[in-house]
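These notes are about the structure you will find just below.
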Amino acid sequence: MKSIVGLVVLTVSFVLVSLRPPLYTVDEITNAIRVGNATELSRYLDSRVDISLPEKTDTYSKIQAEMIIRDFFATNGVQNFLIKHRSSNGGGTEFCVGVLQTRNGDYRTTLFVKQKGDRQLLQELRFQTQ
């Protein structure tokens, strides 16, 4: 009897997990930004990423981009990220605008994500003072 109950609980748990909607890449990216986690964010960076900061703008390799983002997050002390607008063209390209709240002030944040193969990758990330 215990094994049957255990099997039913296991089956129901599996069904509920499989019915849960997937977490989309943009959601994962914005969650990493929200907590200031450059390592997590780097999972979604393309091999070359356009990054715009108040003091510099350039295209960086994935490794360079992670270091620059980590430094930016540490210097400014990320407190929160609020999504203001989000759009998708249906072809795998997504666009998101939000406000990065830091202890040094707020930054208008824009990100572009593009489908490459079976993954969506961050192509461009902009932080602009408000």
Side-chain angles (χ1 to χ4, degrees):
M1 182 64 172
K2 285 183 179 181
S3 62
I4 292 174
V5 171
L7 181 60
V8 169
V9 168
L10 183 62
T11 303
V12 170
S13 298
F14 176 76
V15 169
L16 290 176
V17 167
S18 63
L19 292 177
R20 182 178 54 202
L23 189 61
Y24 295 101
T25 301
V26 172
D27 294 330
E28 294 167 342
I29 291 169
T30 57
N31 286 338
I33 293 171
R34 183 171 291 114
V35 297
N37 188 335
T39 302
E40 180 65 21
L41 182 60
S42 73
R43 294 179 52 208
Y44 307 100
L45 298 178
D46 200 354
S47 58
R48 303 288 298 166
V49 184
D50 294 329
I51 297 179
S52 295
L53 300 172
E55 66 279 354
K56 61 184 166 187
T57 298
D58 208 340
T59 301
Y60 300 97
S61 71
K62 181 176 181 170
I63 293 169
Q64 291 172 315
E66 180 182 356
M67 291 185 315
I68 288 166
I69 294 165
R70 177 178 287 113
D71 183 57
F72 179 77
F73 286 168
T75 299
N76 289 287
V78 173
Q79 295 175 332
N80 198 8
F81 180 70
L82 306 171
I83 296 172
K84 297 296 183 182
H85 177 74
R86 185 172 170 178
S87 178
S88 173
N89 74 354
T93 302
E94 291 190 61
F95 169 81
C96 180
V97 177
V99 176
L100 178 68
Q101 298 173 330
T102 75
R103 69 173 177 261
N104 293 336
D106 293 346
Y107 293 89
R108 181 179 196 269
T109 304
T110 308
L111 52 102
F112 296 94
V113 178
K114 184 175 180 181
Q115 187 76 30
K116 285 194 129 183
D118 62 344
R119 298 187 63 208
Q120 283 189 304
L121 298 173
L122 186 61
Q123 304 282 310
E124 185 174 345
L125 183 58
R126 296 184 200 156
F127 297 103
Q128 302 165 306
T129 54
Q130 287 198 297

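Every pair passing salt bridge (Lys or Arg N to Asp or Glu O under 4.0 Å) that includes a residue from residues 46-58 is listed here, sequence neighbours excluded: D46-K116.
L121 belongs to no multi-residue hydrophobic cluster, having no ILVMFWY side-chain contact under 4.5 Å with any other such residue. Here F95 sits in one hydrophobic cluster together with V97, F112; the rule is ILVMFWY side chains under 4.5 Å apart, joined directly or through other members.
Minimum interatomic distance between Y44 and E28 (heavy atoms only, all atoms of both residues): OH-OE1, 3.0 Å. Shown here for L45 and E66, the closest heavy-atom pair between the two residues is CD1-N, 4.1 Å. A65 and Y60 get closest at one heavy-atom pair: N-CB, 3.9 Å.
For the atom pair D71 CG and N76 CG, the distance stands at 9.0 Å (nearest 0.5 Å).
Between the Q64 side chain and the S61 main chain, a donor and an acceptor come within less than 3.5 Å of each other. Between the side chain of T93 and the main chain of N89, no donor-acceptor pair closer than 3.5 Å is present.
Here the rule is side-chain contact (heavy atoms from CB on, under 4.5 Å) with L125, and of I33, I29, T110 only I33 fits it.
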Name the atoms and distances for all side-chain donor-acceptor pairs under 3.5 Å in residues 34-43, with sequence neighbours left out.
residue, atom, partner, partner atom, Å
R34, NE, F81, O, 3.1
R34, NH1, N31, OD1, 2.6
R34, NH2, F81, O, 3.3
N37, OD1, T39, N, 3.2
N37, OD1, E40, N, 2.9
T39, OG1, R70, NH2, 2.7
E40, OE2, R43, NH1, 2.6
S42, OG, T39, O, 2.6

Go through D27 and R86 one step at a time and tell me if the side chain to side chain contact (heavy atoms under 4.5 Å, CB included) criterion holds.
-> CA-CA 10 Å; D27 294 330; R86 185 172 170 178; 2.6 Å; yes
Please lay out, stage by stage, how V99 and T109 fare under the test side chain to side chain contact (heavy atoms under 4.5 Å, CB included).
-> CA-CA 6 Å; V99 176; T109 304; over 6 Å; no
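For the salt bridge (Lys or Arg N to Asp or Glu O under 4.0 Å) test, residues two or more places apart in sequence or in another chain that qualify with R126 are E124. Scored by the side chain to side chain contact (heavy atoms under 4.5 Å, CB included) test, T57 finds S52 as partners (sequence neighbours excluded).
Counting heavy atoms of neighbouring residues, nucleotides and ligands inside a 6.0 Å radius, atom NZ of K114 does not exceed 12 of them.
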